[in-house]
There are 2 protein chains.
Amino acid sequence: MTFEKERSAGFLANHMARLFANGLQQRIRPLGLAPAQFMTLLALWEEDGLTQRELVQRLSVEQATMANTLIRMERDGLIERRSHPEDGRSQSIHLTAKAVGLREPATQAARAQNEAALADLSEDERMLFLGLMRRAIASMQAG
Amino acid sequence: MTFEKERSAGFLANHMARLFANGLQQRIRPLGLAPAQFMTLLALWEEDGLTQRELVQRLSVEQATMANTLIRMERDGLIERRSHPEDGRSQSIHLTAKAVGLREPATQAARAQNEAALADLSEDERMLFLGLMRRAIASMQAG
DNA sequence: ACTAGTTGAATAGCATGCTATGCAATGATA
DNA sequence: TATCATTGCATAGCATGCTATTCAACTAGT
């Protein structure tokens, strides 16, 4: 029974995501950021002071993954942790001035990468593409 | 300037690819396979005896990545290396009987995962989706 | 044939992700 | 309130990927 990888949604999704990540990495490396750090900053730029648990929910990664990303971000001076006043187990994650200052150049880099990926698509096709990805994500989350 | 991750092709692609990989992993774990091993087997089932360099080209991963995947596959009894008769630097990678026997159940698992992801899409939408992913891949490879 | 450049792999080092555990702080309940 | 379950994080261990480096084997040009 044939199984052609070029016709497999999973294979294409994997390849596409690696190209996105590599492209973004090239663009944000000069800023001292890595892709997962950028993704985490997106959530914190939107709302500072989230707990690790809230970050996990918003970015859909496992808790252990987020814990490790936060360790590297703290090491790189992007965040600092403050003890949570109401729950001794958790901490709130706060952006440093450095991280706040990276918002514009970093999001600009991400926009440029998205533009490079979708350069060949019309505006309608782009909307369609995003919608299809969302539906695939929803199906997998449901299953 | 706002940058909403849910409207970012890169963010969605990353999330979707992780869900694909996680789903596939669940399905092929009983077979003793990991996602990258499966991807490599896809190429070798199609043509046995490829060199590491040829695998790298067909799967679009870096040489170092493939080298490490092959080490794990050899450890797991999926492949064996034979010295190349014409080039002392390279080896040809050959499937073991075990790996050959995994073809049907493994590709079936991958089909099931693709089906789960695309369950909500019509046949036309699926074709459209694959085409859009290929075009995004092509754009990023070109840029 | 020699030297110089190229090419195929291995290895080191690190970022992301995941599963599985362990632990301490909270909560809920008998 | 003493106990048990839940919850928030940290850590260990491993798979994938990438870049950078190194080395040996092959090629080409002189």
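Side chains included, hydrogens not; waters and symmetry mates left out as well; all remaining heavy atoms used. Since the structure is predicted, the reported quantities are computational estimates derived from the model, not experimental observations. Reminder, nothing fancy here: chain letters follow the sequence lines and each chain counts from 1.
Rounded to an integer number of Å, the gap from B:F38 CZ to D:dA15 C1' is 17 Å. Separating the CG atom of A:L55 from the C1' atom of C:dT16 is a distance of 16 Å, rounded to the nearest angstrom. The interatomic distance linking B:E54 (CD) with C:dA9 (C1') rounds to 14 Å, in whole Å. Atom CG in B:L24 sits about 13 Å away from atom C1' in D:dA15, given to the nearest Å. Rounded to whole angstrom, the span from the CG atom of A:L78 across to the C1' atom of C:dA15 amounts to 14 Å. Atom-to-atom, CD of A:E74 to C1' of D:dC9 comes out at 13 Å; the value is rounded to the nearest Å. The nearest whole Å value for the distance from the CD1 atom in B:I71 to the C1' atom in D:dA15 is 13 Å. Between the P atom of C:dA10 and the CG atom of B:L70 lies a distance of 8 Å, rounded to the nearest Å.
Summary of the strand contacts: A:R75 and B:A67 both lie near DNA chain C, and taking for each the nucleotide with the nearest heavy atom, the more 5' one is attributed to B:A67.
In this view, A:E6 satisfies the salt bridge (Lys or Arg N to Asp or Glu O under 4.0 Å) rule with no residue, not counting sequence neighbours.
Of the residues in residues 41-51 of chain B, not one places a heavy atom less than 4.0 Å from an atom of DNA chain D.
The closest side-chain donor-acceptor pair between A:R72 and A:N68, if any, does not fall under 3.5 angstrom. Under the 3.5 Å distance criterion, with hydrogens and angles disregarded, no donor-acceptor pair is assigned to the side chains of B:Q52 and B:Q91.
Side chain of A:E54 to main chain of A:T51: a donor-acceptor pair is present (N/O by atom type, distance under 3.5 Å, no hydrogens or angles). Judged by distance alone, the side chain of B:N114 and the main-chain N or O of A:G10 form a donor-acceptor pair under 3.5 Å.
A:L102 pairs with exactly one of A:T96, A:L31, A:L95 by the side chain to side chain contact (heavy atoms under 4.5 Å, CB included) rule, that one being A:L31.
In this structure, A:F38 and A:T107 approach most closely via the heavy-atom pair CE1-N, 4.0 Å.
Not one side-chain nitrogen or oxygen of A:R53 sits closer than 4.0 Å to the OP1 or OP2 atom of C:dA25.
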Open item on the list: Please encode protein proximity along nucleotides 17-25 of chain D as a string of B, S and -, counting only heavy-atom distances under 4.0 Å.
Closed with: BBBB----B
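With a 4.5 Å cut-off on side-chain heavy atoms, A:R134 and B:L12 count as touching. Side-chain contact between A:L42 and B:F3 is present, with at least one heavy-atom pair separated by less than 4.5 Å.
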